[in-house]
Amino acid sequence: MDSSQSFNQPLMACDSSKKSAMLQPAAPPPAYQDNLAGYPSSFPSHPAPQGPYAQGPYPGQSGVAVQPAVFVTAAPLARPVPDHLGYSIFTMLCCCLPLGIAALVFSCSTRDAIYSGQQELAKRNSKTALMLNHIGLGIGLVIIVLVIINQMAK
C-alpha cells in the first residue's frame with residue numbers, strides 16, 4: 001500500500017455525478033391516503049370496550065382460553081412402612097459396619113419411596129433393611145461373645 005495515501009481518502013475515485021444521484025431519491029413517495037384499499041374506514045359493528053378492566057374479544061370474535069398448568073405429584077403414603085433408620089445406624093456403629101452401611105442405604109431408599117408414594121418399593125426396601133439389620137446384629141453379637149470367651153480363657 002502506498003504510504004502517501006491517507007486513510008481518510010478512498011482508494012478509488014468516484015464520479016461525483018453518480019454520487020449525487022445516489023443521494024437524491026428517484027421518485028417522491030406516494031401521497032397519504034385516508035382509506036387504504038381493502039380495509040374498511042371504520043368498525044361500527046365492533047364498539048370499543050367500556051370500563052377500566054374491559055379486555056378480551058369483541059362480540060362475534062372467538063376467544064382463546066389459556067389453561068392453567070397442572071403439576072401431578074405423588075403424595076406421601078397414608079400408612080408408611082417403617083424405614084428402620086435408627087436400627088440401621090445402631091447396627092452400623094455398634095455391630096457390623098459393612099452390613100450396617102448396606103442397611104442404612106436401604107433405609108434411606110425406603111424413606112425416598114415413602115415420600116414418592118411407591119408403596120411396593122417401600123415395603124421391599126424396608127424388609128431388606130430389617131433383614132440386613134438382624135443379620136448384622138447377629139454377627140456383631142457372635143463376635144462380641146467370642147471375644148469375651150477368648151479373653152476369659154486366657
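This structure is a prediction, so every number in the text was calculated from the model and none was measured. Hydrogens, waters and symmetry mates play no part in the numbers below; they use all other heavy atoms, side chains included.
Note that NE2 of His84 is 11.0 Å distant from CG of Asn125, once rounded to the nearest 0.5 Å. With rounding to the nearest 0.5 Å, the separation of CE in Met131 from CZ in Phe106 is 8.0 Å. Note that CG of Leu99 is 12.5 Å distant from CG of Leu104, once rounded to the nearest 0.5 Å. Rounded to the nearest 0.5 angstrom, Ser107 OG and Met92 CE are separated by 10.0 Å. Rounded to the nearest 0.5 angstrom, Arg79 CZ and Ile114 CD1 are separated by 12.5 Å. Here the CG-OG1 distance, from Leu121 to Thr110, works out to 7.5 Å after rounding to the nearest 0.5 Å.
Cluster annotation: Tyr115 and Val105 are assigned to distinct hydrophobic clusters (Ile/Leu/Val/Met/Phe/Trp/Tyr, side-chain heavy-atom contacts under 4.5 Å, transitive). Under the 4.5 Å side-chain contact rule for hydrophobic residues, Leu93 and Leu85 share a cluster. Under the 4.5 Å side-chain contact rule for hydrophobic residues, Leu97 and Phe90 do not share a cluster.
Screening Cys94, Cys95, Cys96 for a side-chain contact (heavy atoms from CB on, under 4.5 Å) involving Leu137 leaves a single residue, Cys95.
At a cut-off of 3.5 Å, with distance as the only test, a side-chain donor of Asn133 or Ser88 sits close to an acceptor on the other residue.
With hydrogens and angles disregarded, no donor-acceptor distance shorter than 3.5 Å links the side chain of Ser126 to the backbone of Asp83.
Ring centroid separation for the pair His134 and Tyr87 comes in under the 6.0 Å cut-off.
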